[in-house]
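Numbering of residues begins at 1 and proceeds along the displayed sequence. What you see is a predicted model, and the numbers here were worked out from it, not measured in a lab.
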Amino acid sequence: MTNAPLSPRAPHAWVAPLVSTLLTLPAAGLALLYGGLSPMACDSCNGPRADRFTDSWNTAWAVLSTGLVLSLIVLVASWAVPWQRRQDATRAFLAVAAPAVVVVSFIAFMALVDWP
């Protein structure tokens with residue numbers, strides 16, 4: 001009796017995680033760059049306006065940072081799913097979810113900041 005795998009190996013299992021990586025990492029880098037440079041939007045602000053911006057930016061930065069870490073975790077999970085045919089749907093879902101988390105995090109960041 002041989003130890004046959006439960007499901008045959010998927011020959012192109014690497015495609016979805018690779019495309020996801022090529023989309024997620026640059027998008028996350030741009031979101032991080034934009035979020036990190038956005039405090040300059042209120043350089044000329046002072047008083048209560050600056051306080052509102054700073055408070056909202058701090059909250060939005062926490063949301064963006066958490067979202068980007070979550071997208072990295074999902075991206076790594078898409079690579080870590082076993083490369084078997086029965087896992088194709090899970091792998092594809094995770095591969096699509098990683099860049100989607102970046103987009104949702106960036107939209108949340110933009111919505112949470114009280115722009116001047």
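In this structure N58 satisfies the side-chain hydrogen bond (donor to acceptor under 3.5 Å, both in side chains) test with no other residue, sequence neighbours excluded. Remark: A77 pairs with L94 by the side chain to side chain contact (heavy atoms under 4.5 Å, CB included) rule, at least two apart or across chains. Residues forming a side chain to side chain contact (heavy atoms under 4.5 Å, CB included) with T24 (at least two apart in sequence, or on another chain): S20, S71, L75, A98, P99, V102.
The closest side-chain heavy-atom distance from L22 to L18 is below 4.5 Å.
Cluster annotation: V96 is not connected to V104 through the hydrophobic network of ILVMFWY side chains, with a link wherever side-chain heavy atoms come within less than 4.5 Å. Clustering ILVMFWY residues whenever any of their side-chain heavy atoms sit less than 4.5 angstrom apart, transitively, puts F93 in a cluster other than the one holding V76. V15 and L23 fall within a single hydrophobic cluster, where Ile, Leu, Val, Met, Phe, Trp and Tyr are joined by side-chain heavy atoms under 4.5 Å apart, directly or via other members. Following chains of ILVMFWY side-chain contacts shorter than 4.5 Å, one cannot reach F106 starting from V74, and the two form parts of different hydrophobic clusters.
Applying the side-chain hydrogen bond (donor to acceptor under 3.5 Å, both in side chains) definition to pairs two or more places apart or across chains, those involving residues 30-53 are S38-W57, R52-D114. Under the salt bridge (Lys or Arg N to Asp or Glu O under 4.0 Å) criterion, no residue pair touches residues 17-39, with sequence neighbours excluded. Among residues at least two apart or in separate chains, disulfide (SG to SG under 2.5 Å) pairs with a member in residues 9-95 are C42-C45. The disulfide (SG to SG under 2.5 Å) contacts involving residues 57-116 comprise nothing, where partners must be two or more places apart or lie in separate chains. Listed by first and then second residue, the salt bridge (Lys or Arg N to Asp or Glu O under 4.0 Å) pairs involving residues 90-101 are D88-R91 (not counting sequence neighbours).
For the residue pair G35 and F109, the shortest heavy atom distance occurs at CA-CZ, 3.7 Å. W61 and G36 make their closest contact through CZ3-N, 3.4 Å (heavy atoms, listed as atom of the first residue, atom of the second, distance). What you find for P11 and W14 is that their closest heavy atoms are O-NE1, 3.6 Å. For the residue pair W83 and W79, the shortest heavy atom distance occurs at NE1-O, 3.5 Å. A pairwise comparison of heavy atoms in S105 and G67 identifies OG-CA, 3.0 Å as the closest pair.
Under a 4.5 Å side-chain heavy-atom criterion applied to ILVMFWY residues, the cluster that includes I73 comprises V69 as well. Grouped with L112 in one hydrophobic cluster are V63, the linkage being side-chain heavy-atom contacts under 4.5 Å among Ile, Leu, Val, Met, Phe, Trp and Tyr residues. When hydrophobic residues (I, L, V, M, F, W, Y) are linked wherever their side-chain heavy atoms come within less than 4.5 Å, the members clustered with V103 are I107. Grouped with M40 in one hydrophobic cluster are L33, L37, the linkage being side-chain heavy-atom contacts under 4.5 Å among Ile, Leu, Val, Met, Phe, Trp and Tyr residues.
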